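Let me begin by presenting the structure, written as structure tokens, before commenting on it.
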Amino acid sequence: KARTVAKYDLAVLYDANEKMPPTSSASIKYFARIAEKMSVDVEPITRRQLAELAEYDGLFIRETTSIDNHTYRFARRAWQEGMPVIDDPISMIRCTNKVFLMELLGSNQVPTPPTVILQEGGDLGKAIDELGLPLVVKIPDGSFSRGVHKVNTPEEFRRIADELFEETDLVLAQKFLPTEFDWRVGVLAGEPLFVCQYRMARGHWQVVKYRPDGSSHEGGFRAFDLDQAPAEIIDIAVRAAHPIGEGFYGVDLKQTDSGIVVME
């Protein structure tokens, strides 16, 4: 059977050596098989192929994004060429800074955890007074639970904060909200795409638990059809994505006894 000529060529930026990639190589291969049926040819590219980017019709970035590495340069080049790109550079700027994100969500009446932003040399006791203990302490640009710590005592809080201030000027302290599971809603172009429920890793307070040897393990998960997922979860996720843009976003939420909040 003659092979159908693809109408579009989609570049997928991917690093096979990344320890915690947002998408596995197996998922990209599956994605490519589905795309082929829709006349889209998917070609994985590396960071060395920026000069070739204009040869493609679109760019899908499947590396952990940051505005200070090559992923942002690829996004900007694609945007300048008028190509569809996920993640687009504006969304990257807005989503990779948790300080800006919390302020943006708050100004748009999206519920978030009680949060105090701390500067180096600032009053750490203020966070304890306002939020109580335990606390969750984060760096502004962490991902995949990296740079996120739970502290139970003032002494532990000061020690962790001092360590984090060695690599960042600002730290977020948030009220600890214990839950059995988290939600993630995928939103694409302002519409819900998928809903998934993630359970905490066994014996841990996060979905992913990192071991000292660098390995990790995760809790279970359950996917929902959109019409079977809680309507309030989807509504809040879509509201959270709206001020970011029209891209593809994973909105992480916690369902607590006092209501649903958007974590990031």
Side-chain angles (χ1 to χ4, degrees), residues 3-79 81-92 95-96 141-146 182 184-189 191-198 207-208 210 214-226 237 241 244-252 264:
R3 183 178 176 181
T4 304
V5 177
K7 293 180 181 178
Y8 302 103
D9 293 310
L10 176 65
V12 176
L13 182 61
Y14 178 69
D15 180 3
N17 297 317
E18 187 174 2
K19 291 183 178 180
M20 291 287 291
T23 302
S24 68
S25 58
S27 293
I28 292 176
K29 290 177 181 177
Y30 180 77
F31 176 68
R33 290 199 298 271
I34 300 300
E36 186 178 15
K37 299 176 182 178
M38 304 176 74
S39 297
V40 177
D41 185 29
V42 171
E43 182 172 339
I45 63 172
T46 70
R47 60 187 300 171
R48 296 184 178 88
Q49 294 174 263
L50 180 61
E52 305 168 23
L53 189 58
E55 300 174 11
Y56 299 92
D57 300 300
L59 173 64
F60 192 19
I61 299 176
R62 293 289 81 201
E63 291 187 46
T64 302
T65 54
S66 173
I67 59 173
D68 61 359
N69 71 10
H70 63 281
T71 57
Y72 182 72
R73 294 193 292 274
F74 270 81
R76 277 197 61 85
R77 178 69 62 85
W79 179 70
E81 294 285 348
M83 297 164 54
V85 53
I86 296 174
D87 300 328
D88 65 89
I90 301 300
S91 294
M92 288 174 63
C95 289
T96 56
D141 57 350
S143 59
F144 295 109
S145 300
R146 301 286 190 183
D182 288 352
R184 169 165 287 190
V185 179
V187 180
L188 176 61
E191 298 291 335
L193 184 65
F194 69 82
V195 179
C196 193
Q197 185 187 79
Y198 294 91
V207 171
V208 181
Y210 294 98
S215 63
S216 64
H217 75 275
E218 303 178 16
F221 64 89
R222 177 188 175 192
F224 287 77
D225 290 333
L226 293 179
I244 307 299
E246 291 294 310
F248 179 34
Y249 312 115
V251 185
D252 293 339
E264 57 186 50

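No hydrogens, no waters, no symmetry mates; every other heavy atom, side chains included, goes into these values. All values derive from a computational prediction rather than experimental measurement. The first residue in the sequence is number 1, and the count goes up from there.
The aromatic rings of Y198 and F221 sit tilted, their planes meeting at an angle between 30° and 60°.
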**Message:** Is there a side-chain contact (heavy atoms from CB on, under 4.5 Å) between L10 and D57? Walk through the geometry before answering.
**Reply:** CA-CA 6 Å; L10 176 65; D57 300 300; over 6 Å; no
**Request:** Walk me through it: do L53 and I45 pass the test side-chain contact (heavy atoms from CB on, under 4.5 Å)?
**Result:** CA-CA 9 Å; L53 189 58; I45 63 172; 4.2 Å; yes
**Message:** For a side-chain contact (heavy atoms from CB on, under 4.5 Å) check, start with the C-alpha distance between R77 and L50, then their side-chain angles and the critical distance, and finish with the verdict.
**Reply:** CA-CA 8 Å; R77 178 69 62 85; L50 180 61; 3.9 Å; yes
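The distance from atom CD1 of I67 to atom SG of C95, rounded to the nearest 0.5 Å, is 11.5 Å. Of the inter-residue distances, the one linking L13 atom CG with I86 atom CD1 reads 13.5 Å to the nearest 0.5 angstrom. With rounding to the nearest 0.5 Å, the separation of CG in D87 from CZ in F60 is 8.0 Å. Interatomic distance, CD of E246 versus CD of E191, reported as 9.0 Å (0.5 Å rounding). Going from atom CG of D9 over to atom CD of E55 covers 9.5 Å, rounded to the nearest 0.5 Å. To the nearest 0.5 angstrom, I61 atom CD1 is 8.5 Å from F74 atom CZ.
With hydrogens and angles ignored, the 3.5 Å screen pairs a side-chain donor or acceptor of Y14 with a backbone N or O of S25. With hydrogens and angles ignored, the 3.5 Å screen pairs a side-chain donor or acceptor of Q49 with a backbone N or O of T46. For E63 (side chain) and T71 (main-chain N/O), no donor-acceptor pair under 3.5 Å exists by modelled atom type. Listed for the T96 side chain is no donor-acceptor partner under 3.5 Å among the backbone atoms of S66.
Taking both residues in full, the closest heavy atoms of L226 and P192 are given as CD1-O, 3.5 Å, listed atom of the first, atom of the second, then distance. Taking every heavy atom of both residues into account, P89 and R76 meet most closely at CB-CG, 3.8 Å. Taking all atoms of both residues into account, the shortest heavy-atom contact from I28 to T23 is CG1-CG2, 3.7 Å. A75 and L59 make their closest contact through N-CD2, 4.4 Å (heavy atoms, listed as atom of the first residue, atom of the second, distance). Closest heavy-atom contact between V187 and A237: CG2-O, 4.2 Å. The two atoms that bring A6 and V40 nearest to each other are CB-C, 4.3 Å, heavy atoms only.
With sequence neighbours left out, the side-chain hydrogen bond (donor to acceptor under 3.5 Å, both in side chains) criterion links E43 to Y56. With sequence neighbours left out, F224 forms a ring-ring contact (aromatic ring centres under 6.0 Å, His included) with W183. Contacts of T65 classified as side-chain hydrogen bond (donor to acceptor under 3.5 Å, both in side chains), with partners at least two apart in sequence or in another chain: none.
In this structure the side chain of Y8 never reaches within 4.5 angstrom of the side chain of M38, judged on heavy atoms.
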